[in-house]
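We use all heavy atoms of the structure for the numbers below, so side chains are in, but hydrogens, waters and symmetry mates are not. Throughout, protein chains are lettered first and strands after them, A, B, ... in sequence-line order, and every chain is numbered starting at 1. Predicted model only: the values in this text are computed from it and were never measured.
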There are 2 protein chains.
Amino acid sequence: MCSSFDPGKCPTVSEMLSRLGDKWTVLIIMVLRNGPQRFSDIKRTVVGVSQRMLTLTLRALERDGMVRRTVYATVPPRVEYELTELGQSFSEPIQAFGGWVFENYNQIHTARAAFDARSEAERGNDKLIKIG
Amino acid sequence: MCSSFDPGKCPTVSEMLSRLGDKWTVLIIMVLRNGPQRFSDIKRTVVGVSQRMLTLTLRALERDGMVRRTVYATVPPRVEYELTELGQSFSEPIQAFGGWVFENYNQIHTARAAFDARSEAERGNDKLIKIG
DNA sequence: CGGGATCCCTTCTGATACTG
DNA sequence: CAGTATCAGAAGGGATCCCG
């Protein structure tokens, strides 16, 4: 099993985790929860994504069976992306995680402020010691 | 709210997501679920982590209020890390996600194999066309 | 419209050496 | 033991140009 937490032993979990961590995957999945979308629509909705990264991310999701890509042979070409069942299922634990952050981000910010204040204080002391 | 999925509008969620995606955070959190641990113990348990990355990751988790660091003024020095309540709570949606991957990774692997086979076939065709 | 290919810069991460 | 400091290679990601 995965009980030793050796990334070499549970490569799929690690992979999926870093997929989550990349800059665009989660955003794109959330957008696709609203139904099938064209390439340009996604690009417009996911603010800041480059053409390149959108393509790469969609390809990766397609490869993992999360997204289905449908090409319509029209002029101009029309390509639609939609979540598969697997992709929908995948989006649920992600949403749960997002929900957790929303409920707890005050505590996170507070902790950060406290930590930074302490660090600041320590650096200040160092300075005094060095100067004195 | 976060409904536009603009990372600029929900920076905390994005930050926490990329924290998840980094190579060691999740592993370390899972190890700390077993109770307080010394630096060297964690390093031994989390196979492959460098001293540097372990330090950096623990510092980040401490700053976010997920981990508490306790220094005992003994010789040699002894430093213990443990999950805070926030950290424990944080680990739950992560576990849920890990569980999802475990239950579904067969489908993921199958999808990948199918995708790769298709790509392979297309490259093969290209070759034939070019050669012909 | 929906990409593929290329260039380039930033960030991440590992290896190594040194310290209280 | 538990770090810090420095450096170099690898990976991530944006900008740009081109094509069917």
Side-chain angles (χ1 to χ4, degrees), chain A residues 6-8 14-15 17-28 31-32 36-63 67-82 119 122-123 125-126 129-130, chain B residues 6-8 14-15 17-28 31-32 36-63 67-82 119 122-123 125-126 129-130:
Chain A
D6 177 349
S14 296
E15 277 182 57
L17 238 15
S18 47
R19 185 68 46 85
L20 280 196
D22 81 24
K23 218 168 161 185
W24 306 111
T25 296
V26 169
L27 263 19
I28 291 170
V31 167
L32 289 179
Q37 316 248 346
R38 301 183 57 171
F39 187 88
S40 324
D41 293 335
I42 305 173
K43 184 161 182 352
R44 214 168 301 117
T45 310
V46 178
V47 178
V49 70
S50 66
Q51 198 171 42
R52 168 190 154 82
M53 289 316 295
L54 182 53
T55 302
L56 289 179
T57 307
L58 285 170
R59 284 286 176 284
L61 287 171
E62 190 194 356
R63 184 171 112 98
V67 160
R68 180 166 28 251
R69 176 170 179 270
T70 312
V71 182
Y72 299 93
T74 59
V75 179
R78 173 191 185 85
V79 181
E80 272 190 5
Y81 294 89
E82 63 184 320
S119 308
E122 282 167 27
R123 276 212 308 280
N125 287 343
D126 286 0
I129 290 167
K130 280 175 188 167
Chain B
D6 176 349
S14 296
E15 276 181 57
L17 239 14
S18 47
R19 186 68 46 85
L20 282 197
D22 79 27
K23 218 169 162 184
W24 307 111
T25 295
V26 169
L27 263 19
I28 291 169
V31 167
L32 288 179
Q37 317 249 348
R38 301 184 56 169
F39 187 88
S40 324
D41 294 334
I42 305 173
K43 184 158 180 356
R44 213 169 303 117
T45 310
V46 178
V47 179
V49 70
S50 65
Q51 198 171 39
R52 168 189 155 81
M53 289 315 295
L54 182 54
T55 302
L56 288 179
T57 308
L58 285 169
R59 284 286 178 284
L61 286 171
E62 191 194 355
R63 184 171 113 97
V67 161
R68 183 168 24 252
R69 178 171 177 268
T70 312
V71 183
Y72 299 93
T74 59
V75 178
R78 175 192 185 83
V79 180
E80 272 190 6
Y81 294 89
E82 62 184 322
S119 308
E122 282 168 26
R123 275 211 307 281
N125 286 343
D126 286 0
I129 290 168
K130 279 174 188 166

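Closest contact between the side chain of B/P76 and the listed nucleotides D/dC1, D/dG3, D/dG14 involves D/dC1. For B/F39, whose side chain is taken as the heavy atoms from C-beta onward, the closest listed nucleotide among C/dC1, C/dG14, D/dG3 is D/dG3. Listed nucleotides: D/dG14, C/dG14, C/dG3. Nearest to the side chain of A/M53: D/dG14. Taking the side chain of A/D22 as heavy atoms from C-beta on, and the options D/dA2, C/dG14, D/dG13, the nearest nucleotide is D/dG13. Listed candidates were C/dC1, D/dG14, D/dA2. Nearest to the side chain of A/R38 is C/dC1. Comparing D/dA2, D/dG14, C/dG3 against the side chain of A/R59 picks out C/dG3 as the nearest.
Between A/D41 and the options A/K43, A/R44, A/Q37, A/R38, a side chain to side chain donor-acceptor pair (under 3.5 Å) holds for only A/R44.
Contact of the B/T45 side chain with the B/L27 side chain is not registered, since no non-hydrogen atoms from C-beta on lie closer than 4.5 Å.
To the nearest angstrom, C1' of D/dA2 lies 8 Å from CZ of B/R69. Atoms CG (B/L54) and P (D/dA2) sit 10 Å apart, rounded to a whole Å. Summarising the geometry, the separation between CG on A/L58 and P on C/dC1 is reported as 17 Å, rounded to the nearest angstrom. Following rounding to the nearest Å, B/K23 (NZ) and D/dA10 (P) show an atom-to-atom distance of 13 Å. In this structure, the CZ atom of B/R44 is 11 Å from the C1' atom of D/dC1, given to the nearest Å. B/Q51 places its CD atom 14 Å from the C1' atom of C/dT13, with the value rounded to the nearest Å. Counting to the nearest Å, the P atom of C/dC1 and the CD1 atom of A/I42 are 14 Å from each other. Straight-line distance from the CG atom of B/L27 to the P atom of C/dT13: 13 Å, rounded to whole Å.
Ranked by how close their nearest DNA chain D nucleotide is to the 5' end, B/S40 and A/P77 are led by B/S40.
For the residue pair A/V26 and A/L20, the shortest heavy atom distance occurs at CG2-O, 3.6 Å.
Phosphate proximity of C/dC1 to A/Y81: absent, as no side-chain N or O sits under 4.0 Å from OP1 or OP2. Between A/K43 and the phosphate of C/dC1, there is no side-chain N or O to OP1/OP2 separation shorter than 4.0 Å. Within the structure, every side-chain polar atom (N or O) of A/R52 is placed at least 4.0 Å from both OP1 and OP2 of C/dT6.
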Which pairs would a plain distance check flag for residues 47-62 of chain B, meaning a side-chain donor or acceptor within less than 3.5 Å of a matching protein atom at least two apart in sequence or in another chain?
residue	atom	partner	partner atom	Å
B/S50	OG	B/M53	N	3.2
B/T55	OG1	B/Q51	O	3.0
B/T57	OG1	B/M53	O	2.7

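No donor-acceptor distance shorter than 3.5 angstrom exists from the side chain of A/T25 to the backbone of A/G21, with no hydrogens or angles considered.
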